[in-house]
Amino acid sequence: MLETTTTSRTGTRIDIRNVSKHYAGATAVEDVDLTIEPGEFLTLLGPSGSGKTTTLNLIAGFTDLSSGHIEIDGERVDNIPSHRRGLGVVFQHYALFPHMNVEDNIAFPLRQRKTPKAEQKRQVAEVLETVGLGGYGQRFPSELSGGQQQRVAFARAMVFEPRALLMDEPLGALDKNLREKLQLEIKRIHQEVGRTFVFVTHDQEEALVLSDRIAIFNNGRVEQVGPSDELYEQPRTLFVATFMGESTVLRGDPQWQGKEWTLGFHGASVRGVAEPFAGPAALVLRPEDIQLAHREEEIPAGRQYCPVTVKQNIYLGSGRKFELELADGTVGIVRGSLAQGAGLEVGDPAFAFWHPERGSLLPDTGTQSAT
Ligand code: ADP
Ligand code: MG
């Protein structure tokens, strides 16, 4: 006899299918195709103007699509108005009702849904505990700090148990310490309630802290979507590689022999293996991929390397960070242990080397537009 296991997946699935949004003379979102899994924490990450807010507003139903469609739990929502999509929304500016106390602010969506009074009280008290504001119910928004007001906004967005919670840069107006504290709380709340969260930010560290997966937006398109380690270690475009973390980028015209490439680089010839493509290339190396040697003879066999000049040798306590200049003026970044490059001083010539399996060779799409 076969045994069946039932996996209970809480939360809602959102399918964004080939969605575009054009304004007169401007494209905000172009052919975005993205599935948000039930219970997932997905972050839309990208520079300002890359289409994140528009995508969130299309899901919420605040904006009409130009083409494509969106499904929530398998149902097309084209003709469903935003207030009937069952989604909670939090914006950067909390927009609380100033003349209502915290309890009444939070109960607002319940009153709209004609929830019985006693039930309202119970749900409001519960959600106040969840956001860490137990005992604040009688305060007015003007008597709360920015962070506390944003907690009330979270509570109001969650109190009616929405199918999914959408958040557009909700921590953008808060200072760094508070932002980091609330990031951890949002993560805890997500784990606690187990619902689908869609979060917008332009801050890659924030995206790393919070997300199960990240969708990288650039010029209205999704360039890559995946868990953060995949985006960092296997970027598919130069934009993704340079937007996610620090890197050294060596540019040139590669020679291909099957999947093996060689890149002539001022005073060096470096090689590796990749899926071939036509045109100029950029080799992206992470700071932890690169090591330093004083002299060429010290470089272990089988490594790729190029000559550099030390521009900065920065002591970080737990290790060192070097800024290097390559022959063509490219800036390189190396991060390693305190022993790494010991004795190298600013202005010294040195060699940067790396294992040929490290680094990603990607089509060079030119200067990256991060505004
Ligand atoms: P993000 O949230 O990533 O900063 P947005 O989604 O707000 O980006 O905007 C994407 C692009 O669409 C921008 O170039 C913006 O100027 C444009 N855009 C957004 N809303 C409108 C609108 N109502 N009318 C015209 N252009 C718009
Ligand atoms: Mg925005």
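Indexing begins at 1, ligand by ligand and atom by atom, following the structure's order. This chain uses plain numbering: 1 for the first residue, then up along the sequence.
Under the 4.5 Å side-chain heavy-atom criterion for grouping Ile, Leu, Val, Met, Phe, Trp and Tyr, Leu184 is not connected to Leu174 through any hydrophobic cluster.
At least one heavy atom of Ser50 sits closer than 4.0 Å to an atom of ligand 1. The closest approach between Gly25 and ligand 1 stays at or above 4.0 Å for every heavy atom of the residue.
Using a 4.0 Å cut-off between charged nitrogen and carboxylate oxygen, Lys21 and Asp64 do not count as a salt-bridge pair. Taking the charged nitrogens against the carboxylate oxygens, Lys321 and Glu246 do have a contact shorter than 4.0 Å, which makes a salt bridge. Between Arg358 and Glu288 there is no salt bridge, since no side-chain nitrogen of the basic residue lies less than 4.0 Å from a carboxylate oxygen of the acidic one. Under the 4.0 Å criterion applied to side-chain N and carboxylate O atoms, Glu40 and Arg13 are not assigned as salt-bridge partners.
With Val198 as the partner, the side chain to side chain contact (heavy atoms under 4.5 Å, CB included) test is satisfied by one option alone out of Leu44, Leu87, Thr55: Leu44.
Protein heavy atoms are absent from the 4.0 Å sphere centred on atom 15 (C) of ligand 1.
Ranking the protein heavy atoms by distance from atom 8 (O) of ligand 1 puts Gly51 N, 3.2 Å first. For atom 5 (P) of ligand 1, the closest non-hydrogen atom on the protein side is Thr54 OG1, 3.6 Å. Here the protein heavy atom with the shortest distance to atom 12 (O) of ligand 1 is Ala28 CB, 3.1 Å. In terms of protein heavy atoms, atom 7 (O) of ligand 1 is closest to Thr53 CB, 3.7 Å. Nearest protein heavy-atom contact of atom 20 (N) of ligand 1 is Tyr23 CE1, 3.4 Å.
Contact atoms of ligand 1 toward Ser48: 4 (O) (distance under 4.0 Å to a heavy atom of the residue). The ligand atoms of ligand 1 that sit less than 4.0 angstrom from a heavy atom of Pro47 are 3 (O).
Contact annotation: for Ala24 versus ligand 1, there are no heavy atoms closer than 4.0 Å.
The shortest N or O to N or O distance between Gly49 and ligand 1 is under 3.5 Å. For ligand 1, the polar-atom distance check against Lys52 finds a nitrogen or oxygen pair separated by under 3.5 Å.
Using cut-offs of 30° and 60° on the angle between ring planes, the pair Trp256 and Phe277 is perpendicular. Ring orientation note: the planes of Phe199 and Phe41 are tilted relative to one another, at an angle of 30° to 60°. Using cut-offs of 30° and 60° on the angle between ring planes, the pair Phe62 and Phe91 is tilted.
The Mg ion (ligand 2) has an N, O or S atom of Thr53 under 2.8 Å away, backbone or side chain.
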